[in-house]
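A quick write-up on the structure given underneath.
All ligand and atom numbering here is 1-based and tracks the order in the structure.
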Amino acid sequence: MKEQLEKLIELQKIDLEQEALRVRVDERREKVDADTENLQELEQMLDDHTKKLEDTRAELSSKRDMLEKAQHDFEHANEKLNAVTNSRDYAALEREAENFKKIISSVEDEIGKLQKALAEADGKDVEMREAYEKLSAEIDVARKEVDEAAASIEDQVNALKAKADAIAKTIKPQFLARYRFIRSKRSGAAVVSASGGTCTGCHMKLQPQAYIVLQRQNSLECCQNCQRIIYFDAEEAAELHNHPAK
Ligand SMILES: [Zn+2]
């Protein structure tokens with residue numbers, strides 16, 4: 001029994017090692033995926049911003065047309081003013097010219113505001129594009145690194161798998177099935193020490209009778225609380241007895 005437990009513990013060590021290798025690569029891949037989502041959001045923002053920029057440019061262009069027309073109208077009114085002979089027509093044309101002058105001044109104001117807004121938006125556009133390019137380049141590098149890391153652990157994982165398979169062959173099928181079942185249900189260890197009378201998997205105290213049975217090491221025992229396989233290590237128990245955990 002003791003030997004079988006030792007094999008199970010050895011198998012678990014290899015399995016956990018494999019798992020740790022994979023988790024590390026998976027975590028890095030998750031980060032790259034999250035960054036890619038951020039990049040897509042940034043791309044959407046950039047598109048929206050570019051559209052607004054185009055709208056502002058179109059508005060500016062239409063205001064410039066308006067200005068040109070008002071200037072033309074103003075000149076035309078002035079020409080007529082110079083040619084007029086009676087004072088009633090003169091007064092009417094003068095009002096007309098004055099009116100065009102007001103329009104010119106107001107459109108010029110609007111153009112000034114639009115130019116200012118456009119300059120700001122252009123600056124922001126450059127900033128956003130730079131941020132996008134930077135993040136995009138970082139993601140490319142990170143993804144390449146993760147792919148390389150995944151490829152490089154593949155050999156290590158395969159070697160560990162071969163080792164695990166060899167050990168598994170020396171373990172009784174029902175013990176192995178029990179171990180695999182717990183591994184599939186619980187994260188982390190499936191075989192844990194209970195040398196001090198407490199299951200180190202779930203930290204629950206064993207029933208005195210169960211602890212006595214465990215110490216005999218004649219059977220495969222499981223924690224009644226978390227179902228993990230528990231084992232008794234005499235050396236560890238002595239150590240715990242001499243230096244109890246605070
Ligand atoms: Zn337990």
Ignoring hydrogens and angles, write down the donor-acceptor pairs under 3.5 Å from the side chains of residues 148-158, residues two or more places apart or on other chains.
residue: Ser152; atom: OG; partner: Ala149; partner atom: O; Å: 3.2
residue: Asn158; atom: ND2; partner: Glu154; partner atom: O; Å: 3.3

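- Listed by chain and number, the residues in a side-chain contact (heavy atoms from CB on, under 4.5 Å) with Cys222 are Arg178, Ile229 (sequence neighbours excluded).
- Defined by atom type and a distance below 3.5 Å, a donor-acceptor pair is present between the side-chain atoms of Thr36 and Arg143.
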Identify all side-chain donor-acceptor contacts of residues 160-169 below 3.5 Å with residues at least two apart in sequence or on another chain.
none

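- Side-chain contact of Glu108 with Ser106: a donor-acceptor pair under 3.5 Å is absent, judged by distance alone.
- Counting only protein N, O or S atoms, 4 lie closer than 2.8 Å to the Zn ion (ligand 1).
- Side-chain atoms of Arg57 and Ser62 form no donor-acceptor pair, as typed in the model, at a separation below 3.5 Å.
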